[in-house]
A.B. asks: 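Please see the structure below; I have some questions.
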Amino acid sequence: MSDWLIYRGAGAPHDGIEHLPPPPPWRDFDGGPLVAPPAALDPSSERRLGVQHREASHHRPGETERELVNAALYLRRPLLVTGAPGSGKSTLAHSVAYELGLGRVLGWPVVSRSTLRDGLYDYDAIGRLQDLQIARAAPATEVSGVAAGPDPTDEPGGGIGRYIRLGPLGTALLPAARPRVLLVDELDKSDIDLPNDLLNVLEEGEFRIPELERLAGSAPEVEVLSDDGARVTVRDGRVRCHAFPFIVLTSNGERDFPAPLLRRCIHLHIPAPDKERLAAMVRAHFGEGAAERYEAVIDRFLDREPGDVRAVDQLFNAIHLTQRAGWTDEDEEETRRRLTAELMRPLDRTR
């Protein structure tokens with residue numbers, strides 16, 4: 001029965017994505033010419049990606065988690081992941097990207113002011129206007145002996161592509177041979193309108209850039225910047241995916257979502273991590289042997305009253321402080337115990 005699994009949650013990269021069956025007819029998209037895969041990252045981004053890969057390699061999803069991830073892959077539907085803070089919702093997106101070789105996870109951290117436009121693209125109209133004014137004043141500038149910059153109006157569409165950058169959602173919808181992984185983090189923190197605004201984009205797998213549509217007659221192809229920092233071509237002001245991205249929408253359960261969004265998603269609820277999963281998380285952050293070395297701290301974290309809320313970050317803080325402070329003497333044991341208790345105080349208690 002496990003032969004159907006594309007994502008196996010084994011923590012090791014493989015070519016399973018090559019065996020993903022075709023999408024259902026109603027989720028088959030026909031984006032234009034394929035864009036090139038993302039270029040290599042800069043060293044600092046590579047280091048961050050290395051940390052994420054280390055965490056992803058230690059992620060061991062349960063059976064239900066594996067099955068619903070694969071359901072989202074097969075059906076080309078977003079995965080709505082709910083659960084308590086620190087239960088591994090965000091790590092799941094990195095685990096899928098790492099195991100299936102889908103590159104850097106495109107991240108969209110949602111806040112109360114986030115709009116659909118933030119996820120799709122940004123247009124710096126003021127910057128363009130300023131550059132046009134400078135270009136038009138170039139003759140006077142050259143007379144004064146100062147070299148003028150390049151004239152943006154010489155480029156297709158008056159150089160408008162230099163001032164448009166696709167957001168994480170917009171980049172995920174570029175036509176690519178393989179799906180990109182997009183993490184829309186903490187959607188429940190958004191304004192009430194954002195979940196509804198997402199509906200059409202998630203259903204149609206496309207969006208339009210009005211600023212480029214108006215120029216389609218004179219400049220049908222315009223290069224813009226993607227969230228990866230690469231130049232990509234947008235044709236006729238329209239971006240439509242080829243392989244629907246693997247989208248993870250996370251929620252801490254602070255609000256309910258409208259039924260139209262829920263029916264377009266596969267819903268996965270991740271329960272609070274048990275001792276085995278916590279041990280895997282500790283190994284990912286602190287190295288092999290750390291789970292055994294700090295087993296007492298993990299047990300203390302799990303020892304809570306019914307209804308108490310704790311985040312895994314609190315456990316990591318307690319272990320890190322124990323590790324850095326070097327408490328080993330019996331005289332320091334009381335200090336370690338006291339501070340560990342304070343750092344892992346339930347979040348729903350103020351005193």
Side-chain angles (χ1 to χ4, degrees), residues 1-21 23 48-107 172 178-187 243-253 265-292 298 301-302 311-313 315-316:
M1 286 296 292
S2 62
D3 291 346
W4 73 283
L5 297 179
I6 303 299
Y7 168 71
R8 304 164 194 160
H14 57 79
D15 63 351
I17 195 66
E18 302 295 341
H19 307 290
L20 182 65
R48 288 195 299 273
L49 190 60
V51 172
Q52 293 165 356
H53 282 173
R54 187 170 67 249
E55 295 180 21
S57 67
H58 285 81
H59 185 70
R60 294 296 181 270
E63 182 178 7
T64 300
E65 192 173 332
R66 288 198 307 271
E67 290 178 345
L68 291 181
V69 165
N70 281 278
L73 287 167
Y74 272 74
L75 298 173
R76 274 63 169 186
R77 289 291 184 184
L79 186 69
L80 174 61
V81 186
T82 58
S87 56
K89 302 186 297 295
S90 301
T91 303
L92 178 59
H94 293 283
S95 177
V96 172
Y98 173 67
E99 183 174 315
L100 300 183
L102 300 179
R104 180 180 76 92
V105 173
L106 298 163
R178 288 184 167 193
R180 294 296 300 270
V181 176
L182 170 67
L183 173 62
V184 183
D185 209 13
E186 300 190 335
L187 182 60
F244 189 78
F246 180 72
I247 301 176
V248 175
L249 311 169
T250 74
S251 169
N252 292 327
C265 298
I266 306 296
H267 183 202
L268 166 65
H269 180 75
I270 299 181
D274 57 15
K275 186 171 181 178
E276 182 179 356
R277 178 170 285 192
L278 285 174
M281 293 178 178
V282 169
R283 291 189 195 99
H285 282 81
F286 300 101
E288 292 298 328
E292 294 72 24
I298 296 174
F301 177 83
L302 291 169
V312 178
D313 288 350
L315 172 63
F316 294 159

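Keep in mind that what you see is a predicted model, and the values were worked out from it rather than measured. Along the sequence shown, residues are numbered consecutively beginning with 1.
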A.B. asks: Does any part of the side chain of Val81, heavy atoms only, come nearer than 4.5 Å to the side chain of Ser251, both counted from C-beta?
C.D. replies: no

A.B. asks: If you define the side chain from C-beta out and look only at heavy atoms, does anything of Asn252 sit under 4.5 Å from Thr82?
C.D. replies: no

A.B. asks: So which heavy atom on Pro273 is nearest to which on Leu302, and how close?
C.D. replies: O-CD2, 3.9 Å

A.B. asks: With heavy-atom distances below 4.5 Å as the criterion, would you say the side chains of Ile17 and Pro179 are in contact?
C.D. replies: yes

A.B. asks: If I take atom NE2 from residue His269 and atom CG from residue Leu80, how far apart are they, to the nearest 0.5 angstrom?
C.D. replies: 11.0 Å

A.B. asks: For a quick test of reading the model, state the closest non-hydrogen atom pair linking Ile266 to Ala72 and the distance between them.
C.D. replies: CG1-CA, 4.1 Å

A.B. asks: Donor-acceptor pair, distance only, cut-off 3.5 Å: does the side chain of Glu99 make one with the backbone of His14?
C.D. replies: no

A.B. asks: Is there a donor-acceptor contact under 3.5 Å from the side chain of Arg76 to the main chain of Tyr74?
C.D. replies: yes

A.B. asks: If you round to the nearest 0.5 Å, how far is CZ of Phe316 from CZ of Phe301?
C.D. replies: 8.5 Å

A.B. asks: Treating Asn70 as the side-chain partner and Ile6 as the backbone partner, does any N or O pair qualify as donor plus acceptor under 3.5 Å?
C.D. replies: yes

A.B. asks: Got a second to check how far Asp313's CG is from Met281's CE, nearest 0.5 Å?
C.D. replies: 10.0 Å

A.B. asks: For Ile270 and Arg277: C-alpha separation, side-chain torsions, deciding distance, then whether side-chain contact (heavy atoms from CB on, under 4.5 Å) applies.
C.D. replies: CA-CA 12 Å; Ile270 299 181; Arg277 178 170 285 192; 3.4 Å; yes

A.B. asks: Which pair of heavy atoms, one from Pro271 and one from Ser87, lies closest together, and at what distance?
C.D. replies: O-CB, 3.8 Å

A.B. asks: Do the side chains of Arg180 and Leu102 get nearer than 4.5 Å, heavy atoms only?
C.D. replies: no

A.B. asks: Can you check side-chain contact (heavy atoms from CB on, under 4.5 Å) on Leu100 and Leu73, steps first, answer last?
C.D. replies: CA-CA 11 Å; Leu100 300 183; Leu73 287 167; 4.0 Å; yes

A.B. asks: As a quick check of understanding, evaluate side-chain contact (heavy atoms from CB on, under 4.5 Å) for Val184 and Thr250, giving each step before the final call.
C.D. replies: CA-CA 6 Å; Val184 183; Thr250 74; over 6 Å; no

A.B. asks: So does Glu18 pair up with Arg178, basic N to acidic O under 4.0 Å?
C.D. replies: yes

A.B. asks: Report yes if the side chains of Trp4 and Glu67 come closer than 4.5 Å at any heavy-atom pair, otherwise no.
C.D. replies: yes

A.B. asks: At their closest point, which heavy atom of Gly103 faces which heavy atom of Ala97, and how far apart are they?
C.D. replies: O-CB, 3.6 Å

A.B. asks: Closer than 4.0 angstrom, basic N to acidic O: yes or no for Lys89 and Glu65?
C.D. replies: no

A.B. asks: Please round to the nearest 0.5 Å and tell me the distance separating atom OH of Tyr7 and atom CZ of Arg66.
C.D. replies: 8.5 Å

A.B. asks: What distance separates Leu183 CG from Leu249 CG, expressed to the nearest 0.5 Å?
C.D. replies: 9.0 Å

A.B. asks: Taking all non-hydrogen atoms of both residues, which atom of Gly11 and which atom of Tyr98 are closest, and how far apart?
C.D. replies: O-CE2, 3.5 Å

A.B. asks: Just so I know, are the side chains of Leu182 and Val105 near enough to count as touching, which here means a heavy-atom distance under 4.5 Å?
C.D. replies: no

A.B. asks: Of all the heavy-atom pairs spanning Val181 and Ala93, show the shortest one and how long it is.
C.D. replies: CG1-O, 3.6 Å

A.B. asks: To the nearest 0.5 Å, tell me how far Leu278 CG sits from Arg283 CZ.
C.D. replies: 10.5 Å

A.B. asks: Do Leu79 and Leu92 come within less than 4.5 Å of each other through their side chains, counting heavy atoms only?
C.D. replies: yes

A.B. asks: Below 4.5 Å, heavy atoms only, C-beta onward: do Leu315 and Val282 meet side chain to side chain?
C.D. replies: yes

